[in-house]
Amino acid sequence: MSSNRVVVIGGGPAGLEATALAARLGSEVTLVEKRPELGGTPIAENYAALTHGFQSAEDLVGRLIADATGSPAVEVRTGAEVTAVSGAGGDFAVSVSSGGDEDQVAAGAIVLATGFQHFDPGRETQQYGYYEFPDVIALQDAEAMLKAESFVTPSTGRPPERVAFIQCVGSRDRQIGNEYCSKVCCGISSKQAIEVRQQVPDARVFIFYIDMRMYGYWENEIYWPAQEQHRVNYVKGIVTEILAKNGRLLIRGEDTTMGRPMEVPMDVVVLAVGMEPSQGTRTMADLLGLATNKYGFVETVHDTLDTVTTNVPGVFVCGSVTGPCDLDDAISSAGAAGAKAVAFLRAGAGVPA
Ligand SMILES: Cc1cc2nc3c(=O)[nH]c(=O)nc-3n(C[C@H](O)[C@H](O)[C@H](O)COP(=O)(O)OP(=O)(O)OC[C@H]3O[C@@H](n4cnc5c(N)ncnc54)[C@H](O)[C@@H]3O)c2cc1C
Ligand code: SF4
């Protein structure tokens with residue numbers, strides 16, 4: 001028997017938008033989120049201000065949450081996980097477990113929106129000393145300090161004099177096996193560099209990059225203002241090593257524009273870690289029998305013309321499940337996934353999609 005229900009797995013920005021859209025189009029929706037709260041990585045990892053326009057992450061994601069949960073057609077299960085799926089498109093039985101209880105939800109379609117995780121900078125890039133030096137931090141650690149309006153040198157609690165960002169940590173790296181660009185980290189580092197200059201006006205801020213990859217309008221909104229108004233220093237170079245020296249960090253590498261070795265002292269080093277599929281994405285892809293690429297991101301039936309339909313009829317994907325993306329792309333693909341899931345239900349019920 002076909003069901004008019006869509007199960008959305010993952011309550012981040014993409015899952016929230018897919019939920020809101022499917023409900024608006026007339027479907028019942030069960031939204032399953034494993035964390036105790038909705039909002040996804042931007043909320044769980046305490047992101048401060050989001051592009052575009054340095055908007056508060058809580059405000060922006062809060063609007064998505066209100067939209068998704070405002071409809072009586074939406075049932076929200078937080079602290080819950082999907083443990084098994086049987087049946088086929090149009091007639092899935094989805095086992096949902098929370099706090100020891102397990103029940104089955106009948107669904108015609110499934111949208112997978114289980115998102116990404118930050119690359120672990122302790123993995124194979126030991127030369128940066130993430131777990132060794134307290135003043136070597138990652139983008140998400142910087143976000144949390146910026147959100148608390150307290151950007152300090154972690155080991156001393158004092159405002160830093162010199163801050164460096166190192167780009168492409170865990171991305172564009174053949175040795176690690178992540179050859180892809182994570183798309184957002186150049187823009188996020190530049191955004192954070194501006195925020196550091198605003199919160200600690202005396203700090204000098206450097207960004208060490210292979211090449212800067214700004215996404216669409218971020219070029220004008222972030223990159224040029226960072227250089228021209230906020231005097232962030234962009235250095236084309238490769239950092240090979242971070243050492244502790246005289247109570248500070250010492251960055252060693254090569255300034256590739258000048259073609260000479262460099263050694264620069266820093267108080268705080270921020271590693272611009274890339275995006276990898278979350279453990280939930282890997283587990284759910286496996287459980288649902290979805291095709292994945294060599295990095296563990298889910299593949300869709302066409303990488304250009306259909307970016308949300310999977311190899312399993314009735315299962316759709318959106319957001320960072322399919323690869324690194326910013327919020328604009330996550331929301332767009334989520335709308336498409338929500339709409340295609342409802343179209344799939346209607347086609348199954350004999351209603352023209
Ligand atoms: C440091 C950093 C800063 C960023 N800042 C910006 C910015 O300023 N502007 C911008 O446009 N983009 C930004 N991004 C990108 C943005 O965070 C992503 O585009 C967005 O979070 C993707 O949303 P999502 O819903 O696909 O994934 P996520 O936000 O990762 O949400 C996935 C959700 O699925 C849940 N989940 C996982 N597994 C399971 C499971 N098995 N069962 C149930 N639920 C599960 C998770 O708990 C989570 O709630 C930033 C990224 C990084 C790394
Ligand atoms: S967005 Fe920038 S920092 Fe991130 S992987 Fe691409 S080039 Fe590297």
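This one's a predicted model, so the numbers in the text were calculated from it and none came from an experiment. Counting begins at 1 with the first residue of the sequence. One-based numbering, in listed order, for ligands and for the atoms of each.
Taking a cutoff of 4.0 Å between a charged side-chain nitrogen and a carboxylate oxygen, K294 and E179 qualify as a salt bridge. Comment: K236 does not engage D211 in a salt bridge, judged by the lack of any side-chain N to carboxylate O separation of less than 4.0 angstrom.
Numbered from 1 in the order shown, with element, the atoms of ligand 2 that lie under 4.0 Å from a heavy atom of S182 read 5 (S), 6 (Fe). Below 4.0 Å from some heavy atom of G40 lie the following atoms of ligand 1, by number and element: 29 (O), 31 (O), 48 (C), 49 (O). Close approach to R172 involves these atoms of ligand 2, each under 4.0 Å from a residue heavy atom: 5 (S), 7 (S), 8 (Fe). Taking a cut-off of under 4.0 Å to the non-hydrogen atoms of I9, the atoms of ligand 1 that pass are 42 (N), 43 (C). Numbered from 1 in the order shown, with element, the atoms of ligand 1 that lie under 4.0 Å from a heavy atom of E81 read 41 (N). Residue Q167 has at least one heavy-atom neighbour below 4.0 Å for each of these atoms of ligand 2: 3 (S). Near H118, meaning under 4.0 Å from any of its heavy atoms, are these atoms of ligand 1: 53 (C). Heavy-atom contacts of L139 reach the following atoms of ligand 1: 1 (C) (cutoff under 4.0 Å). Atom numbering of ligand 1 starts at 1 in the shown order; those under 4.0 Å from a heavy atom of G319 are 26 (O). Near V32, meaning under 4.0 Å from any of its heavy atoms, are these atoms of ligand 1: 43 (C), 44 (N).
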side-chain contact (heavy atoms from CB on, under 4.5 Å) for L31 and L16? Distances and angles first, verdict last. CA-CA 8 Å; L31 172 60; L16 290 166; 4.0 Å; yes
Check the pair T41 / H118 against side-chain contact (heavy atoms from CB on, under 4.5 Å), numbers first and verdict last. CA-CA 9 Å; T41 308; H118 303 104; 3.8 Å; yes
Check the pair R24 / D67 against salt bridge (Lys or Arg N to Asp or Glu O under 4.0 Å), numbers first and verdict last. CA-CA 10 Å; R24 207 172 302 142; D67 224 22; 3.1 Å; yes
Verdict with supporting geometry, F54 and H52, ring-ring contact (aromatic ring centres under 6.0 Å, His included): CA-CA 6 Å; F54 292 76; H52 302 268; over 10 Å; no
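One option in G115, S320, C325, A48 has a heavy atom closer to atom 18 (C) of ligand 1 than any other, and that option is C325.
Nearest protein heavy-atom contact of atom 38 (N) of ligand 1 is G280 CA, 3.3 Å. For atom 29 (O) of ligand 1, the nearest non-hydrogen atom of the protein is T41 N, 2.9 Å. Among protein heavy atoms, atom 6 (Fe) of ligand 2 sits closest to C181 SG, 2.3 Å. Looking only at protein heavy atoms, the nearest one to atom 37 (C) of ligand 1 is T114 O, 3.3 Å. Atom 8 (Fe) of ligand 2 has C168 SG, 2.3 Å as its closest protein atom, hydrogens excluded (heavy atom only). Of all protein heavy atoms, the one lying nearest to atom 5 (N) of ligand 1 is I188 CD1, 3.1 Å. In terms of protein heavy-atom proximity, atom 23 (O) of ligand 1 is closest to P13 CD, 3.6 Å. When only non-hydrogen protein atoms are considered, atom 31 (O) of ligand 1 lies nearest to G12 CA, 3.5 Å. Counting protein heavy atoms only, atom 35 (C) of ligand 1 is closest to E33 OE1, 3.2 Å. When only non-hydrogen protein atoms are considered, atom 4 (Fe) of ligand 2 lies nearest to C185 SG, 2.3 Å. Among all non-hydrogen protein atoms, the one lying nearest atom 2 (Fe) of ligand 2 is C186 SG, 2.2 Å. Protein heavy atom at the shortest distance from atom 44 (N) of ligand 1 is K34 N, 3.2 Å.
Counted by atom type alone, D329 and Y215 present one or more donor-acceptor pairs between their side chains at under 3.5 Å. If you check the side chains of R5 and T30, you find a donor sitting under 3.5 Å from an acceptor. A donor-acceptor contact under 3.5 angstrom links the side chains of E276 and N178, judged on distance only. Counted by atom type alone, Y217 and T51 present zero donor-acceptor pairs between their side chains at under 3.5 Å.
Scanning all heavy atoms of the two residues, the minimum distance from T153 to P159 falls at OG1-C, 4.1 Å. What you find for V301 and N311 is that their closest heavy atoms are CG1-N, 4.2 Å. Minimum heavy-atom separation, I331 to E17: O-CG, 3.7 Å. The two residues S190 and A226 come nearest to each other via the heavy atoms O-CB, 4.3 Å.
More than 12 heavy atoms of other residues, nucleotides or ligands shown are found within 6.0 angstrom of CD on E219.
In this structure, V82 falls outside the shell of residues with a heavy atom less than 4.0 angstrom from ligand 1.
Contacts between S171 and ligand 2, counted as non-hydrogen atom pairs separated by less than 4.0 Å, involve the side chain only. At a heavy-atom cutoff of 4.0 Å, ligand 1 is contacted by the backbone of A113 but not by its side chain. Only the backbone of K183 comes within 4.0 Å of ligand 2, judged by heavy-atom distances. Contacts between Q117 and ligand 1, counted as non-hydrogen atom pairs separated by less than 4.0 Å, are absent for every part of the residue.
E143 pairs by the salt bridge (charged side-chain N to carboxylate O under 4.0 Å, His left out) definition with K191, not counting sequence neighbours.
Inter-residue side-chain proximity for V232 and F165 is flagged as unmet; no heavy-atom pair is nearer than 4.5 Å.
Ring planes of F206 and F208: parallel class, angle under 30° (limits at 30 and 60°).
Ligand 1 has no nitrogen or oxygen under 3.5 angstrom from a nitrogen or oxygen of K191. Close N/O approach between T51 and ligand 1 is found [any backbone or side-chain N/O within under 3.5 Å]. In terms of polar-atom proximity, defined here as any N/O pair under 3.5 Å, P42 makes no such contact with ligand 1.
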